Each structure stands twice: as C-alpha cells, then as structure tokens.
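Right, one structure below, let's go through it.
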Number of protein chains: 2
Amino acid sequence: MNAEGDETLHGRILRELEGRILSGEWQPGHRLPSETEIAAAYGCSRMTVNKVMTQLTRAGLIVRQRRAGTSVAQPGPQPAILEIQDIQREVEASKSVYGYRLLNRAMREANAGDTWLDPSEERLEVLELICLHSADGQPFCLEERQISLAAAADVSAVDFSVRPPGQWLLDTVRWSAAEHTIRAVAASAQASRALGIAKGTPCLSVERKTWNVGRPVTKVVLTYPGQTHALTARFTPASTKPAES
Amino acid sequence: MNAEGDETLHGRILRELEGRILSGEWQPGHRLPSETEIAAAYGCSRMTVNKVMTQLTRAGLIVRQRRAGTSVAQPGPQPAILEIQDIQREVEASKSVYGYRLLNRAMREANAGDTWLDPSEERLEVLELICLHSADGQPFCLEERQISLAAAADVSAVDFSVRPPGQWLLDTVRWSAAEHTIRAVAASAQASRALGIAKGTPCLSVERKTWNVGRPVTKVVLTYPGQTHALTARFTPASTKPAES
DNA sequence: GCTTCCGATATGTCTATACATAAAGGCGCG
DNA sequence: CGCGCCTTTATGTATAGACATATCGGAAGC
C-alpha cells in the first residue's frame, strides 16, 4: 500500500469528500450519498466511511441526521479565526534578528487595581515585569506583565534579564484557560518612550490573561507600535487542517 | 442507557481523559496507559478507545508513537485563537439596537490600486460600498467594501440600502479561503467624519479578503472607533470543544 | 565491548457484524 | 379523509478479530 498510494484509505476518502465540498462542487445543502453507497464505491466497509464522516461532522463541513441522510453544511455565520504568534517566532519569521531587554522588575502586594486577580484570596504578591522586544535593533513590542506568586511561586527566584517571561511561563506553569483582548490604543507616555514613537500614536494592544484551573496566573499587555504591525491569519470555512499559505 | 448516564461510552472516556490532561493531573510528557489497558479498565474493546485517542491526537492534546506509547503533548507554542464576530451579532450580543446605513455605492473599473484582485484578469468591474453600522444610534463601525463582479455577477442588481452586503454575500456567494489582518490605524478624514471622532484617533482596523476557488471575491475594511471596541476570545490549550465563557 | 538482529509491544488501519435510534413515508383503520 | 402505527432507511455506537508497522530493548554474534 504505497508507491504513489502512500496513504490510508480513510485519508483518501476524507480528502476527496472534503475537496468536493470546499471546491464548491457540492454546494451547501447538497445531499451526499449514504455511508453504504460510499463504502460500496470505495470497496470498503461502512465503518471506514463512518470514521471519515464523523471527522467531517466535527469539522463542521457536513450535517447529519438519522434517516434524512447527510448534507453539506451551510457555512457558519462567523467562521473567522485568528492565530496569534509567539513574539520571538513572529520576529524571526520575518527574517529579523530577535532582541530582548528587561526594563523593570518589581515585586509588590496586589491592590484594588489588579482586577484580573481573584479578590477573595488575600495577601497576594505580584511580580511586575516590563520588557522590550526588538527586531533588528528596532523596538518591536512592549510587554507589561504581572505574574501571581500564588500560582507560580518559583518565579521569584528567576531573573528575567535574558529569557522572556512568556517562554519561561509556557515551559513551567500549566494553563487551562486564557483570554485575549485586542484593542487599538493611543501610545501612553511610557509606551512612546520605550518604543521610540510619538505619544498618542495608534498602537495595537494585545492583552492576554491566563488561568490555571480557575486560578489567575498572569496578565500581559503587549503593545505594538502602530501601523508597523498587523495580525494576520488565513483560513478556510471549516477545514480539518489549518489553512496553508 | 440514559437517566444520568445519557452519554456514549467513547464520549465518557474522552471527557475523562481530557479532564485529567486539562486539569494538570497528567502533566505534559506524562505517559498514559496503553489502549489495551484503558480498554480493560472501561471494559470495552480497543477500537472504542482508539477512536477516542484519535480525536485527542487531532486536538493536539496527546502525542502518540508506535511502540513508545502515548504521552501528554507539550502545550503548543502559539495556541492562541481569536474568533471574530459578525457585526450585527456583535452589536446585539451587547443588548444594543443594531442600525445600518449605506453611505455610498459606486461601480467602477478595477485599477492598479486594487492589489487584492488577480491582475491577470482584465476589464474587471468592482462594486464599491461604504456603509455605517451603528449600535443604539451611535456609530459603531465603518465598512468599506469592494466586490468583484467577476465572482458575484448578481451583486449589480442588489440594492444594499437595507441589508448589509456582508450578510448578502454570506448567503449567496461561496468562499473557500479568507484572510484577516488586524491593525491599529489613525482615523482617516473619511473615517473620522463617518464615525464622529477626531481625525487621528486610534482605530481598530480589520481587513478581510475572501476568495472562491482561488478567485478574489471581496475585500472589506472594518474600522472601529478606537478604545470603544475590542476583540475578545477565550480558549483552552487544545480542547476539542470551543471554550465556554 | 560493540554492533546487529530479532522478538515483544503498542499503535495504525481495516473488516464484518450487531444492535440501537430517529425519522420519513406509506398503510390501514376508524 | 385523517389520524396513528409500522416498516424502511440511514445514521450512531460498539465489538472482536486481523494484519501492518514502527521501535525499544535485550540477546546473539563479532
């Protein structure tokens, strides 16, 4: 089972059905053959076809109903998804040299302004970091991060002057939920100084909060100098694989 | 097979394994029992377990290798995903009254500035629309859209004074690929006038290009007045289902 | 002691079969 | 003529068995 046919049977069936749907050959609402018919066409058992159909269903490409049969799904109303890259990766993807610098590191008690923390827990300590990421020596992104010591005790012993906290956290602390918020903001005094731009310049701000089993771990605000940076993503209606460029 | 156990067997196995991974009980790298052992534990056949494992693999929660066995995957480096809502939906989700107004409608020949179009095709006509979406009477978002007549001939007969073009397109024209770009921009003269804000105010700009089988269909730029709008998404590392709020 | 080969192990794929369940459509009875 | 039941169809779930294939680890041979 190889030479040119180096492919599993259900892999082939999946690709062919997917192709007919994504290419538009089968329009939304089109009724497709029954499992039994497809199985006969490929000369395989129904279970094999069933596995494929299950995957297509999970991907949202088809809709199935008992007795009524299977039909191509209407494209979802908001199928848009954007993937946000890791900063170092992002810089190096554009063939630039990545640079990192720690601007500030401070430990403090949590106060009323830390709305991302659970207010029920008391006497929380927070590590506050301000870092600058650069590409080819030019300021690329300002990172303002807060880490809860309750969720990551080890963090107090780490010196973040060489390695960005984001990478350390990813390797060290589990996270079970996260939230992203993207805004356009005017550069603050601090941001304009660090990024070397005029105060009030439009900047893209990405805020990320992370939890571990309900407990807040970290909050980070990434500020990208305006106009020079954009978040981009390509995708297909509901494909089972990520969109290729 | 219901009452409280209203659940399929492989659904239960999936949830339980997923739970142990997402909760952190099984850390990344943790070797999990073989299919045969799990099957024995649940008193089911290996095929049933295999189906579950396949899904967990597709979701990126586990890594499998022949003979070596199955282990919990390292959390992906950039697992961040953002879902962008349809505008009317977005407005109504915040319990505001949605409003729509067509500001301009013009047909013209494509020119060199239309880089989103395929330059090989000649004599292309483009429908250009400018619309304003509002929430509770306040300007919410400015939409500047171009539609290729080659990809959607019917569009010339449609009057977009009542229904937003985005909805019409979703229902009428197939799309097979799309690309999103998010930027922070300073409000242009036109945007500031339409949105009732000062020129130069930071705005969130979402650009979406859509193709149908390689042919450009439409390009749209949505401009949201700065600071008042944000894109938000919640998610879990690599769950098989979307994150619940 | 080092390399090579081989068997044990765990996953990957596929089949044939069985029974459950939902629903469309036809049939019969009132 | 209309209502409800019942058959038929198609999917949903699960099983047991078979064979393929990659690879780890130890045994055999140099």
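Just so we're on the same page: letters track the sequence lines, and every chain starts at 1. Since the structure is predicted, the reported quantities are computational estimates derived from the model, not experimental observations.
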Quick one: which protein N/O atoms are closer than 3.5 Å to N/O atoms of nucleotides 5-10 of chain D? Pair and distance per line, please.
from: D:dT9; atom 1: O4'; to: A:R67; atom 2: NH1; distance (Å): 3.0

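Listed by residue number, the members of residues 38-54 of chain A with any heavy atom below 4.0 angstrom from DNA chain D are A:R46, A:M47, A:N50.
Sorted by first and then second residue, the pairs that involve residues 15-40 of chain B and meet ring pair (Phe, Tyr, Trp, His ring centres under 6.0 Å), not counting sequence neighbours, are B:W26-B:H30. Listed by first then second residue, pairs satisfying ring pair (Phe, Tyr, Trp, His ring centres under 6.0 Å) with a partner in residues 34-55 of chain B number zero, not counting sequence neighbours.
In this structure B:E143 satisfies the salt bridge (charged side-chain N to carboxylate O under 4.0 Å, His left out) test together with B:R145, sequence neighbours excluded. With sequence neighbours left out, B:K209 forms a salt bridge (charged side-chain N to carboxylate O under 4.0 Å, His left out) with B:E207. With sequence neighbours excluded, no residue forms a salt bridge (charged side-chain N to carboxylate O under 4.0 Å, His left out) with B:E25. With sequence neighbours left out, the side chain to side chain contact (heavy atoms under 4.5 Å, CB included) criterion links A:E92 to A:Q88, A:Y98. The ring-ring contact (aromatic ring centres under 6.0 Å, His included) test applied to A:H229 returns A:F140, A:Y224, not counting sequence neighbours.
When atom types are taken as modelled, the side chain of A:D136 and the backbone of A:V97 share a donor-acceptor pair closer than 3.5 angstrom.
Nucleotide C:dA10 holds its P atom 15 Å from the CD1 atom of B:I62, rounded to whole Å. A:R58 has its CZ atom 14 Å from the C1' atom of D:dG12, to the nearest Å.
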